[in-house]
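First up is the structure itself, then whatever we jot down about it.
When a residue number appears, it is its place in the shown sequence, counting from 1. Hydrogens, waters and symmetry mates play no part in the numbers below; they use all other heavy atoms, side chains included.
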Amino acid sequence: GIVWDVGFLHYNYPNSDGSLNYNFTEVNGTLSYDFLTLFYAHTSDYFAASGKADYLSVAIDFGFEDDWSVGASIAHQAVADNAIWGTPDWNEYKVYVGKSFSGFDFELALIDTDLSSGECFGGSDWCEATVTFAVSKSFE
């Protein structure tokens with residue numbers, strides 16, 4: 001069936017200079033059905049006072065025998081004041097393979113954006129394609 005979740009997050013940077021306006025709050029929601037997940041987040045005052053921001057993601061996830069999975073997502077981040085934020089709005093892409101084993105979840109992923117190096121925070125390499133490996137454990 002359909003699974004939904006609503007969240008509220010506050011990001012706090014306690015050692016930062018308060019005039020930099022790094023702290024912000026967002027509300028978000030997730031709607032899932034079978035292998036498809038939609039996620040949306042909104043804040044009226046994003047990081048560094050860059051104005052309202054919206055993030056929308058669509059993901060697919062397929063599980064297989066022996067606790068293997070593969071998936072992909074595409075997302076769009078829109079920020080009201082791109083000059084303050086440091087980049088234009090962007091799209092983000094992710095493909096991954098996962099495996100659950102002995103209560104742990106392992107994920108190997110390729111993540112990329114559509115931003116060029118010149119568009120990425122004044123020429124940084126933060127927006128280039130990267131491979132990540134994650135290990136997680138849930139406790140109930």
Side-chain angles (χ1 to χ4, degrees):
I2 295 176
V3 177
W4 60 275
D5 184 48
V6 176
F8 174 86
L9 291 171
H10 179 74
Y11 297 86
N12 190 44
Y13 298 85
N15 294 324
S16 67
D17 178 346
S19 67
L20 297 175
N21 298 309
Y22 287 168
N23 303 338
F24 67 96
T25 302
E26 77 175 26
V27 294
N28 60 60
T30 305
L31 187 61
S32 298
Y33 179 76
D34 198 21
F35 62 86
L36 181 67
T37 300
L38 300 173
F39 175 81
Y40 173 73
H42 173 80
T43 181
S44 60
D45 189 18
Y46 196 42
F47 187 84
S50 53
K52 82 175 182 110
D54 297 288
Y55 180 85
L56 178 63
S57 170
V58 177
I60 57 171
D61 179 66
F62 298 100
F64 298 100
E65 288 184 26
D66 297 327
D67 296 320
W68 284 94
S69 61
V70 296
S73 66
I74 184 168
H76 180 75
Q77 174 75 59
V79 178
D81 194 333
N82 297 110
I84 289 176
W85 171 242
T87 71
D89 295 346
W90 70 91
N91 295 310
E92 170 186 295
Y93 314 96
K94 176 181 176 180
V95 293
Y96 78 90
V97 60
K99 170 74 173 153
S100 294
F101 181 74
S102 294
F104 289 89
D105 296 318
F106 301 88
E107 180 185 275
L108 181 64
L110 173 66
I111 303 169
D112 199 2
T113 72
D114 63 351
L115 293 176
S116 68
S117 294
E119 294 172 313
C120 184
F121 300 106
S124 98
D125 62 357
W126 292 354
C127 303
E128 293 179 7
T130 188
V131 174
T132 62
F133 179 70
V135 179
S136 61
K137 169 102 173 123
S138 296
F139 298 93
E140 296 182 28

**Q.** Selection residues 4-89 - residue pairs positive for disulfide (SG to SG under 2.5 Å), sequence neighbours left out
**A.** none

Q: Name all pairs fulfilling the disulfide (SG to SG under 2.5 Å) condition that reach into residues 36-135, sequence neighbours left out, sorted by first residue then second.
A: C120-C127

For the atom pair [atom1] ([X]) and [atom2] ([Y]), what is the distance rounded to the nearest 0.5 Å?
{"X": "Q77", "Y": "T113", "atom1": "CD", "atom2": "OG1", "answer": "12.0 Å"}
{"X": "N12", "Y": "N23", "atom1": "CG", "atom2": "CG", "answer": "4.0 Å"}
{"X": "H76", "Y": "D89", "atom1": "NE2", "atom2": "CG", "answer": "4.5 Å"}
{"X": "T30", "Y": "L38", "atom1": "OG1", "atom2": "CG", "answer": "9.0 Å"}

Hey, any chance [X] and [Y] share a hydrophobic cluster, counting ILVMFWY side chains that come within less than 4.5 Å of each other, even indirectly?
{"X": "I60", "Y": "V95", "value": "yes"}
{"X": "W4", "Y": "Y40", "value": "no"}
{"X": "L36", "Y": "V70", "value": "yes"}

Q: List, by chain and then residue number, the residues other than L115 in its hydrophobic cluster (Ile/Leu/Val/Met/Phe/Trp/Tyr, side-chain heavy atoms under 4.5 Å); write none if there are no others.
A: L9, Y11, Y13, L20, Y22, F24, Y46, F47, V79, W85, W90, F121, W126

(Q) Using a 4.5 Å cut-off between side-chain heavy atoms of Ile, Leu, Val, Met, Phe, Trp and Tyr, which other residues end up in the same hydrophobic cluster as I84? (A) none

Q: Please identify each residue that fulfils salt bridge (charged side-chain N to carboxylate O under 4.0 Å, His left out) with E107, with sequence neighbours left out.
A: K94

Q. Can you name the residues that form a salt bridge (charged side-chain N to carboxylate O under 4.0 Å, His left out) with D54, not counting sequence neighbours?
A. K52

Who passes side chain to side chain donor-acceptor pair (under 3.5 Å) against [X], sequence neighbours left out?
{"X": "S32", "result": "T37"}
{"X": "S44", "result": "none"}
{"X": "T25", "result": "H10"}
{"X": "S100", "result": "D105"}

Q) Which salt bridge (charged side-chain N to carboxylate O under 4.0 Å, His left out) pairs, counting each pair once, include a residue from residues 109-134, with sequence neighbours left out? A) none

Are the side chains of [X] and [Y] in touch, meaning some heavy atoms are under 4.5 Å apart?
{"X": "Y33", "Y": "L31", "value": "no"}
{"X": "F101", "Y": "D67", "value": "no"}
{"X": "K99", "Y": "L108", "value": "no"}

Q: Taking ring-ring contact (aromatic ring centres under 6.0 Å, His included) as the test, write out the residues that go with F35, two or more places apart.
A: F62

(Q) Donor-acceptor pair, distance only, cut-off 3.5 Å: does the side chain of D66 make one with the backbone of W68? (A) no

Q.
Quick check: closest heavy atoms across L110 and A129, and the distance to 0.1 Å?
A. CD1-CB, 4.2 Å

